[in-house]
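Notes to accompany the following structure.
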There are 2 protein chains.
Amino acid sequence: MSYQNEITIKMEFKEAKNKFVQTWGALGSQWGINKTMAQIHALLMVSHEAVSMEDIMEELQISRGNASMNLRALMDWGIVYKEYKAGERREFFTAEKDLDELAVKISRERSKREIKPALKVLKEVSALESDGTAAEKHFVDQTSKLYDFVLKADNMLDKITEYKDNWLAKLVVKIMK
Amino acid sequence: MSYQNEITIKMEFKEAKNKFVQTWGALGSQWGINKTMAQIHALLMVSHEAVSMEDIMEELQISRGNASMNLRALMDWGIVYKEYKAGERREFFTAEKDLDELAVKISRERSKREIKPALKVLKEVSALESDGTAAEKHFVDQTSKLYDFVLKADNMLDKITEYKDNWLAKLVVKIMK
DNA sequence: TTAAAGTTTCAAAAAAAAATGAAAGTTTAT
DNA sequence: ATAAACTTTCATTTTTTTTTGAAACTTTAA
């Protein structure tokens with residue numbers, strides 16, 4: 001294989017990797033996860049080896065502070081880990097690569113941060129003592145239904161957590177029949 | 001019941017309603033749906049009767065342009081409807097209040113707008129002809145797995161769409177056993 | 001213990017997203 | 001056909017979110 005071909009193939013790989021990282025970043029922001037956080041995660045997901053902060057900064061063209069804060073956030077979510085290499089002072093990072101595990105951790109985190117607090121408020125407002133007007137009756141009725149619905153959805157996420165292995169495949173089978 | 005009490009009760013209702021609208025708005029933005037869009041939706045969800053644009057602007061303290069654009073977006077999502085009242089020139093708006101139907105429409109829309117395009121890219125990048133290095137093998141492997149996973153999740157959303165009635169309750173039952 | 005190597009923090013800047021509002025565009029009753 | 005009543009659009013402004021980068025902090029090898 002010629003040197004020229006080598007170069008070409010490497011560039012294709014880099015392009016594919018970059019396309020994936022960009023896409024994952026865009027998808028993340030549409031779902032309320034910041035772009036850089038999603039991009040770092042994407043990068044680590046497809047990296048064979050643990051990556052240093054320096055390399056993350058270089059590949060994504062971001063500042064040290066940005067890299068540091070988003071790595072911290074990803075570690076808080078439990079989907080990125082620090083790794084230490086013998087004889088290396090620097091820290092390296094790896095992503096949780098098991099997709100079932102990833103889904104479990106993401107649902108756990110979103111439930112804790114967003115759904116649980118919303119449920120709390122729903123419970124509060126649906127407890128309004130209606131004065132019997134149609135408007136108030138409707139309000140209490142709607143928010144109660146919403147509370148039940150969101151609670152059920154949240155419980156579903158909890159259950160997913162318990163399954164662990166391949167819950168999605170099992171679920172698809174169940175849902176189809 | 002005294003006038004004072006009347007006032008008090010009305011204020012509690014207003015407060016509860018406002019709290020709900022604010023919370024729904026905040027939850028929306030955390031999930032990548034703009035605050036006003038989520039707030040308008042929340043307002044219509046708990047409103048007994050169809051609401052005019054004027055009233056929406058008034059209640060949420062937003063401009064006409066903002067109200068108009070977000071109502072349009074909600075109608076594009078298929079979760080808010082226009083209503084015409086006899087002898088009224090103005091247009092009124094109502095939300096889809098059936099929560100199963102609401103979930104169906106939201107999943108349909110997000111799948112179409114966000115997941116389907118991401119799947120396309122995942123398919124493309126996972127089709128990379130690996131040159132056999134560990135790095136490239138890992139890349140192809142990871143992105144292929146991700147493609148399968150996201151596809152399965154997306155199919156699940158499709159299936160939910162077909163169920164229509166009370167899919168969530170049924171699903172929770174299934175998942176628990 | 002120290003200084004080199006690295007990481008984190010956070011105030012300020014930049015970028016991105018959302019909201020405004022006035023002008024343009026529609027619709028409808030007469 | 002017209003004008004009143006209402007809605008939409010979009011360039012500009014505002015707000016919110018994200019990013020930067022330099023200073024402070026931490027760790028570790030010698």
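These numbers come from a predicted model, not from an experiment.
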Practice problem: Take the protein atom CD of B:Glu54 and the nucleotide atom P of D:dA5, then report the distance between them rounded to whole Å. | Solution: 13 Å
Quiz item: Once you round it to whole Å, what is the distance between C1' of C:dA19 and CE of B:Met57?
Solution: 12 Å
Quiz item: Quick one: A:Asn70 CG to D:dT17 P, roughly how many Å, whole number?
Solution: 15 Å
Practice problem: Measure from CZ on B:Phe93 to P on D:dC6 and round the result to the nearest Å. | Solution: 13 Å
Quiz item: Just how far, in rounded Å, is C1' of D:dT19 from CE of A:Met37?
Solution: 16 Å
Quiz item: Of A:Gln61 and A:Tyr84, whose nearest nucleotide on DNA chain D comes first from the 5' end?
Solution: A:Gln61
Self-check item: Within 45° cone of B:Trp77 ring axis and under 6.0 Å: B:Arg108 NZ or CZ
Solution: no
Quiz item: Of A:Lys82 and B:Arg64, whose nearest nucleotide on DNA chain C comes first from the 5' end?
Solution: A:Lys82
Quiz item: Counting side-chain heavy atoms from CB outward, which of D:dT19, D:dT7, D:dC10 is closest to B:Met69?
Solution: D:dC10
Quiz item: So does B:Thr36 get a side-chain nitrogen or oxygen closer than 4.0 Å to the phosphate oxygens (OP1/OP2) of C:dA19?
Solution: yes
Quiz item: So, is the end of the A:Arg110 side chain (NZ or CZ) under 6.0 Å from the ring centre of A:Trp31 and within 45° of the ring's axis?
Solution: no
Quiz item: D:dT26 C1' sits how many Å from A:Glu91 CD, rounded?
Solution: 10 Å
Quiz item: Nearest heavy-atom pair of A:Ser111 and A:Pro117: which atoms, and what distance?
Solution: O-CD, 4.2 Å
Quiz prompt | Atom CD of A:Glu58: over 12 foreign heavy atoms under 6.0 Å | solution = no
Quiz prompt | B:Asn66 vs C:dG21: side-chain N/O to OP1/OP2 distance below 4.0 Å | solution = no
Exercise. Could you check which of D:dT8, C:dT20, C:dT8 has an atom nearest any side-chain atom of B:Ser63?
Key: C:dT20
Exercise. Tell me which nucleotide among D:dT19, D:dT7, C:dT8 gets nearest to the side chain of A:Met53.
Key: C:dT8
Quiz item: Taking atom P of D:dT17 as reference, at what distance in whole Å does atom CH2 of B:Trp31 sit?
Solution: 17 Å
Exercise. Counting heavy atoms from C-beta on, name the nucleotide in C:dA19, D:dC6, C:dT8 closest to the side chain of B:Asn34.
Key: C:dA19
Quiz item: Is any side-chain N of the basic residue among A:Glu124 and A:Lys120 closer than 4.0 Å to the acidic one's carboxylate O?
Solution: yes
Quiz prompt | Interatomic distance where CD1 belongs to B:Ile62 and C1' belongs to D:dT7 [whole Å] | solution = 14 Å
